[in-house]
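Letters go in sequence order (proteins before strands), and every chain restarts at 1. Just so it is clear, the values below take in all heavy atoms, side chains as well, and ignore hydrogens, waters and symmetry mates.
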Amino acid sequence: MNQSINLKVNGTNHEIEVPAQRLLVDCLRYDLGLTGTKEGCSVGVCGACTVLVNGEMSASCLTLAAAVDGAEITTIEGLAQDGRLHPVQQSFIDHGGFQCGICTPGQVMAAKALLDVNPNPTEQEIREWMMGNLCRCTGYYKILESIVKAIGPTQEARK
Amino acid sequence: MIEFELHSPNSLAEAFSLLETYGEDARVMAGGTALVLQMKQRLAQPGHVISLRRVGGLNRIEESANGSAGLKIGALCAQQQVATSPLVKTKLPLVAETYQHVATPRIRYMASVGGGLVHGDPSQDPPPSLIALGASLTLTSASGQRVVSMEDFLIDYYETDVQPGEILTDIFIPSAPAGSGAAYLKFLPRTADDYATVAVAAVVTPGPGNVCQDVRIALGAVGTTAIHATQAEEILLGRPLTEENIRAASASVKDVVDPLDDYRGSADYKREMAEVFTRRAIQQALANAGR
């Protein structure tokens, strides 16, 4: 049975009809056309589908869209402001934080979520936080470097 | 994914009424990390899912009001909330540390404390520490409340003492005894986000003359539920905490664990590691008692 839900995605309100079993990742990709969020493992382990639900990290492959009715969702498409990339996105580009790219939206969302709660993390804190985002190309050193280098600009941007 | 109907009650009373209406065809959902996964894999096929997301008042961490020292943790608290709470870190550091070992930060933000416990997975991190601290769980239904100890709550593989019509509403965790030290050790030979090959929680209170005044030991991932190692406790209680006595107590857990062969290790290996990690957990708890 379909139900009508409201999601505020990247600042825009959407009223959508979904069946109860609709996963948030499918709702974003197929109902709203926001294909930046990727589905990897489908069991909440790999981190590719990471989005923010009311500001907190969430595995959209394990989230029922109807269960987060009324929530604010941030996806990779919502990070750039006025045509300017988020400092984490820019840092991934500047420091080669990706190879094939499929895990990148999830990596960037997780890194943004970290800097939101801990603007000045140590390298060890970054490693522990990011352990739930897998990179099948194994480009972890560059991902770590990208986040470390993003710390400065993020703080700059917030002044 | 299976088809089902989703209900989002605004209060516990509404949730009880839905449970009454749909009976065994209904499943209660908190964060959904366990239930959605089970529904995807068709291990759970409820016709009705009752989401507790809109039910208020069950996501607080507060000091106990009933006189006994400890913390009352609402069943809908996110596991990350417990892992990072200054109150938990101060009053029950073992609990904060244990929850920091659960899965990954993303899963900890989604998964609730209560949802994890009713899931009844024997490899989870919290139950050994909660047994070692003597935690108890409040199960609420339309007709009242009852309190069950953490160890009695866990009945078998993915089976708990939640009865039809009941919802786990809060967990009470007593403060560790004065002068005690505590440790939770998780043996992870593969990856940091994995389930343990074996996990051991120990809370030990050394007294005058290094005599063991109080001790609680529990193991995870080596049986159909978390295991309270009472034999090991009896060997230590009232005796000096010598290397020899600690070794004897640790060796006794090999008789009570019942691990499975899997890709985290053979049953024989896990049984050996249960002894090794019990010994290390007791020693670590003792070292922490000196602080």
What part of A:Val68 gets closer than 4.5 Å to chain B, counting heavy atoms only: side chain, backbone, both or neither?
both

Check each atom of B:Leu37 against the heavy atoms of chain A and say whether the ones under 4.5 Å are side chain, backbone, both or neither.
both

Which portion of A:Leu23 sits near chain B, non-hydrogen atoms under 4.5 angstrom
side chain

Got a list of the donor-acceptor pairs under 3.5 angstrom between chain A and chain B?
| residue | atom | partner | partner atom | Å |
| --- | --- | --- | --- | --- |
| A:Ser42 | O | B:Lys40 | NZ | 2.7 |
| A:Thr50 | OG1 | B:Arg106 | NH1 | 3.1 |
| A:Cys61 | O | B:Lys40 | NZ | 2.8 |
| A:Asp69 | OD2 | B:Arg54 | NH2 | 3.2 |
| A:Gly132 | O | B:Arg106 | NH1 | 3.4 |
| A:Gly132 | O | B:Arg106 | NH2 | 2.5 |
| A:Asn133 | OD1 | B:Arg106 | NH1 | 3.3 |

Indicate yes or no: at least one non-hydrogen side-chain atom of B:Met29 is less than 4.5 angstrom from one of A:Leu64.
yes

Chain A heavy atoms under 4.5 Å from B:Leu35: which part of the residue, side chain, backbone, both or neither?
neither

Interchain contact, B:Ala103 with chain A, by part (heavy-atom threshold 4.5 Å):
backbone

Among A:Ala113, A:Ala110, A:Cys61, A:Ala66, the residue with the most heavy-atom pairs under 4.5 Å to chain B is A:Cys61

